[in-house]
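Comments concern the structure below.
Below, read A as the first sequence line, B as the second, and so on, with proteins coming before strands; counting in each chain starts at 1. Only this structure's heavy atoms are used, side chains among them; waters, hydrogens and symmetry mates stay out.
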Amino acid sequence: MKNNERVRARFAPSPTGDLHVGNARTALLNWLFARHHGGDFILRVEDTDRVRTSDLYERNILEDLMWLGVDWDEGPEKDGGPYGPYRQSERLEVYRGYLERLSAEGRAYRCYCTEEELEKERAELLSRGKAPRYGGRCRNLTAEQRKKLDDEGRAYAYRFKVEEGLIEFTDLIRGPMKFNAEDIGDFIVLRSNAVPAYNFAVVIDDYLMEVSHVIRGEDHLSNTAAQLMLYAAFGFPPPVFAHHALVLGKDRAKLSKRHGSVTVREFRRQGILPEAMVNHLALMGSSYGEGREVMTLEEIVKEFSLDRIGKGGAVFDEEKLDWLNTVYIRKLDLEDLTAIVVPFLEEAGLDVRSRPKEWVEAVLGAVKGNLKRLSDAPYQVEIFLDEHFKVSAEAVSLLREGGSRTVLAALQEALTDGNCPERGFYAFVIDFVRGRTGLKGKALFTPIRAAATGRLEGPELNRVFDILDREAVLKRVAKALAIAASSGTKYGCA
RNA sequence: GGUCCCAUCGUCUAGCGGUUAGGACAUCGGCCUCUCACGCCGAGAACCUGGGUUCAAAUCCCGGUGGGAUCACCA
């Protein structure tokens, strides 16, 4: 740690795609660590890959982080501090001097190899069963050789001259780590397009930004060795490292596109609530004690510790995410639920804007318990909208069963009875039909449900009846009656 | 292939020498109930393997096996 004891953690995404849940977890872990220790959380954009970087991705990543509730004290939108700018593309000047220093001290050299040559070398090494790393072809070029290549106009990159030795450090999650420098080839610090490479830029940025703790995925474990060499070469005190295991897919390989949805954005679109996502991400691979599965961010911040993070990789369990989501959906009050569900309904083409707010809230209140993801809402809500009313195949066959007709006839009679109220007619109608048919339980309710909702499953009938008006139910009953009377060709499958 | 990491129910995990190996999700069964869901109750389900160390090993050590990561002018 630096002389000042302040904890400074960072998340450093590269805007080459939407926020991956694995990266989101890394971000969250850093954020939790910083918040728990009352330190700073920094967001730094690593946009040195000129071809793959895009502004859209950067915007999306920042937006998704905010959506998750992961906020930052310093970052691209909050420049101006002593540590900025926070976009590597805006720090090119900063890196220049350090490269010169390495070069002057003979710790970096020009490499004129072309991509084809490097690729060929790699393939050869690999086919001979050797480690596919740079052999050092340009390491000891003579002045004349260099001049000749320069005169040819060959582009060059800078490589760090790796020296033999042992690199050791203590990982906060994994304990003592040891690497042999020989296993690491001379790596690129400055690309031929004059843009610094990752291992070089991170070291300088983390040092300059006074990052005290680097928490990241274990896919960076071997990079740490290279970075530590740079820290040593510059005489920078290195930060504390902590490498967590990766988020895995069902086949236990690193979670990737082929596993299905992998970005925060995708889950967001499917109606996963931020509370559920953050809860899931924070608890995945960790444990906060028996029965403690549903936790708020504040609770987690309070009890967060790297010690709670397991060393093994954790499979991203969507079913558990869904369960958490149902828990948080049920906690939502009707007003909030309505605000976030309406966009999902509209997206699916259900017009609810024209309906009174109370009506929409009543519908969502009825349907709330049946939602796993918000994207389930349209299916659940459809039954309340005449223009989307359909009768399912199962409902059709039930309506055609012998007993249904008498119930439906009685129901029709009840709804047209002079004493039937316009609204709140559920009790009246049920009493009426029960009295008329002498039926009760399933035999009584199922045909009514099938007629009124077109389905065999759904919200409680009294709630359905409280929302639908008498005319609408009457129409549906008429339709049901027609289905009951039909042979099976006309309404074969609705 | 080199290097590094990891290893308890299907999944996420608790366990830190002596436990009927606990919890959660999922699954299955029951109750509740007009249905589904919810809720409640219950069930099945795990210590990768072989050696040690020890009175005693899921726990400590070593070997094996298995899985993963990484070896880019990507981060």
Side-chain angles (χ1 to χ4, degrees), chain A residues 12-16 23 46-49 51-53 88 111 113-115 118-119 122 125-134 155-159 171 173-174 177-180 182-185 187-193 195-199 201-202 216-225 243 245-246 248 250-254 280 283-294 308 310-324 326 330 367-372 380 398 430 440-450 453 455-462:
Chain A
S14 88
T16 54
N23 290 132
E46 312 223 317
D47 54 351
T48 54
D49 182 339
V51 301
R52 292 196 300 153
T53 289
Q88 291 188 327
C111 173
C113 296
T114 63
E115 260 188 75
L118 294 171
E119 184 47 50
R122 252 197 304 278
L125 250 19
L126 219 40
S127 72
R128 295 211 320 259
K130 308 268 277 180
R133 58 161 190 272
Y134 183 63
Y156 56 83
Y158 277 90
R159 281 182 190 273
D171 189 285
I173 293 176
R174 272 150 224 287
M177 289 295 125
K178 202 164 54 182
F179 289 92
N180 259 109
E182 296 90 273
D183 296 329
I184 297 159
F187 53 92
I188 302 271
V189 283
L190 191 80
R191 300 187 180 97
S192 51
N193 63 5
V195 177
Y198 167 74
N199 276 321
V202 240
R216 53 173 28 164
E218 68 178 359
D219 48 341
H220 284 286
L221 218 36
S222 54
N223 280 328
T224 306
H243 291 90
L246 304 177
L248 276 24
K250 287 198 193 310
D251 59 357
R252 307 213 120 252
K254 182 158 81 166
H280 189 236
L283 260 66
M284 161 175 8
S286 315
S287 169
Y288 285 78
E290 292 192 355
R292 307 201 58 192
E293 310 287 338
V294 179
R308 293 185 184 278
K311 291 181 191 173
V315 173
F316 189 80
D317 186 353
E318 281 198 37
E319 283 174 332
K320 189 139 187 183
L321 209 212
D322 280 339
W323 170 73
L324 245 9
T326 63
R330 275 181 248 130
V367 138
K368 189 176 172 180
N370 290 52
L371 303 178
K372 253 195 180 119
Q380 297 289 336
L398 180 116
I430 295 298
K440 57 179 184 172
K442 232 184 183 89
L444 170 68
F445 288 96
T446 313
I448 296 177
R449 168 177 293 281
T453 70
R455 295 184 188 155
L456 266 29
E457 92 294 336
E460 289 160 23
L461 262 188
N462 60 332

Nearest to the side chain of [X], which nucleotide is it out of [options]?
{"X": "Glu457(A)", "options": "rU35(B), rC5(B), rC73(B)", "answer": "rU35(B)"}
{"X": "Ala157(A)", "options": "rC73(B), rC38(B), rC34(B)", "answer": "rC73(B)"}
{"X": "Asp219(A)", "options": "rC6(B), rA69(B), rC34(B)", "answer": "rA69(B)"}
{"X": "Val315(A)", "options": "rA72(B), rU11(B), rC34(B)", "answer": "rU11(B)"}

For residues [X] and [Y], determine if any side-chain heavy atom of one lies less than 4.5 Å from a side-chain heavy atom of the other.
{"X": "His243(A)", "Y": "Thr224(A)", "result": "yes"}
{"X": "Thr48(A)", "Y": "Tyr198(A)", "result": "no"}
{"X": "Val195(A)", "Y": "Gln88(A)", "result": "no"}
{"X": "Arg292(A)", "Y": "Leu283(A)", "result": "no"}
{"X": "Phe187(A)", "Y": "Arg133(A)", "result": "no"}

Can you check the distance between [N] and [M], where both ends of the measurement are the [atom1] atom (answer in whole Å)?
{"N": "rG44(B)", "M": "rU27(B)", "atom1": "C1'", "answer": "9 Å"}
{"N": "rG18(B)", "M": "rA37(B)", "atom1": "P", "answer": "42 Å"}
{"N": "rU13(B)", "M": "rA45(B)", "atom1": "P", "answer": "22 Å"}
{"N": "rG52(B)", "M": "rG42(B)", "atom1": "P", "answer": "43 Å"}
{"N": "rU54(B)", "M": "rC71(B)", "atom1": "P", "answer": "45 Å"}

Sugar-phosphate, base or nothing in reach of [X], heavy atoms under 4.0 Å:
{"X": "His220(A)", "value": "base"}
{"X": "Arg455(A)", "value": "nothing"}
{"X": "Arg449(A)", "value": "base"}
{"X": "Glu119(A)", "value": "nothing"}
{"X": "Ala314(A)", "value": "sugar-phosphate"}
{"X": "Asn223(A)", "value": "base"}
{"X": "Leu221(A)", "value": "sugar-phosphate"}
{"X": "Thr326(A)", "value": "nothing"}
{"X": "Leu246(A)", "value": "sugar-phosphate"}
{"X": "Pro459(A)", "value": "base"}
{"X": "Gly312(A)", "value": "sugar-phosphate"}

Exercise for the section: With RNA chain B as reference, determine whether Asp183(A) or Gln380(A) sits nearer its 5' end, using the nearest nucleotide of each. Expected result: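 Looking at the nearest nucleotide for each, Asp183(A) comes out on the 5' side.
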On a plain distance test, is the side chain of Ser192(A) in donor-acceptor contact with the base of rC73(B) below 3.5 Å?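 Answer yes: a donor N or O sits under 3.5 Å from an acceptor.
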Margin query: Tell me whether the side-chain N or O atoms of Asn370(A) pair up with the base of rC36(B) as donor and acceptor below 3.5 Å, since no angle test is needed here.
Written below: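 Check passes, donor-acceptor contact within cut-off.
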Side-chain N or O of [X] less than 4.0 angstrom from OP1 or OP2 on [N]?
{"X": "Lys254(A)", "N": "rU70(B)", "answer": "yes"}
{"X": "Arg174(A)", "N": "rA69(B)", "answer": "no"}
{"X": "Arg252(A)", "N": "rG66(B)", "answer": "no"}

Can you pull every protein N or O that's under 3.5 Å from an N or O on nucleotides 21-27 of chain B?
unit_1	atom_1	unit_2	atom_2	d
rG22(B)	O2'	Glu290(A)	OE1	3.0
rG22(B)	O2'	Glu290(A)	OE2	3.0
rG22(B)	N3	Glu290(A)	OE2	3.4
rG23(B)	O2'	Gly291(A)	N	2.9
rA24(B)	O4'	Glu293(A)	OE2	3.1
rA24(B)	O2'	Lys320(A)	NZ	3.4
rA24(B)	N3	Lys320(A)	NZ	3.4
rC25(B)	O2'	Lys320(A)	N	3.4

When both hydrogen-bonding distances must be under 3.5 Å and the geometry is Watson-Crick or G-U wobble, what is rU33(B) paired with, if anything?
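rU33(B) is unpaired by these criteria.
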Distance in angstrom units between [X] [atom1] and [N] [atom2], rounded:
{"X": "Arg216(A)", "N": "rC5(B)", "atom1": "CZ", "atom2": "P", "value": "16 Å"}
{"X": "Arg308(A)", "N": "rG15(B)", "atom1": "CZ", "atom2": "P", "value": "10 Å"}
{"X": "Leu444(A)", "N": "rU35(B)", "atom1": "CG", "atom2": "C1'", "value": "13 Å"}

Q.
Go through it in stages, so that I can follow the logic: the residues are Ser14(A) and Arg52(A), the test is side-chain hydrogen bond (donor to acceptor under 3.5 Å, both in side chains), and I'd like the CA-CA distance, side-chain angles, deciding distance and then a yes or no.
A. CA-CA 9 Å; Ser14(A) 88; Arg52(A) 292 196 300 153; 5.7 Å; no
Is it true that, when you exclude Lys368(A) itself, more than 12 heavy atoms of the residues, nucleotides or ligands shown sit nearer than 6.0 Å to its NZ?
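Result for NZ/Lys368(A): enclosed.
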### Task
Before accepting this row, confirm whether a basic side-chain N of the pair Glu293(A)/Lys320(A) lies closer than 4.0 Å to the acidic partner's carboxylate O.
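Counted as a salt bridge, because a side-chain N and a carboxylate O are separated by less than 4.0 Å.
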List in chain and number order the residues that pass side chain to side chain donor-acceptor pair (under 3.5 Å) with Gln380(A), two or more places apart in sequence or in another chain; answer none if no residue qualifies.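 Here no residue qualifies.
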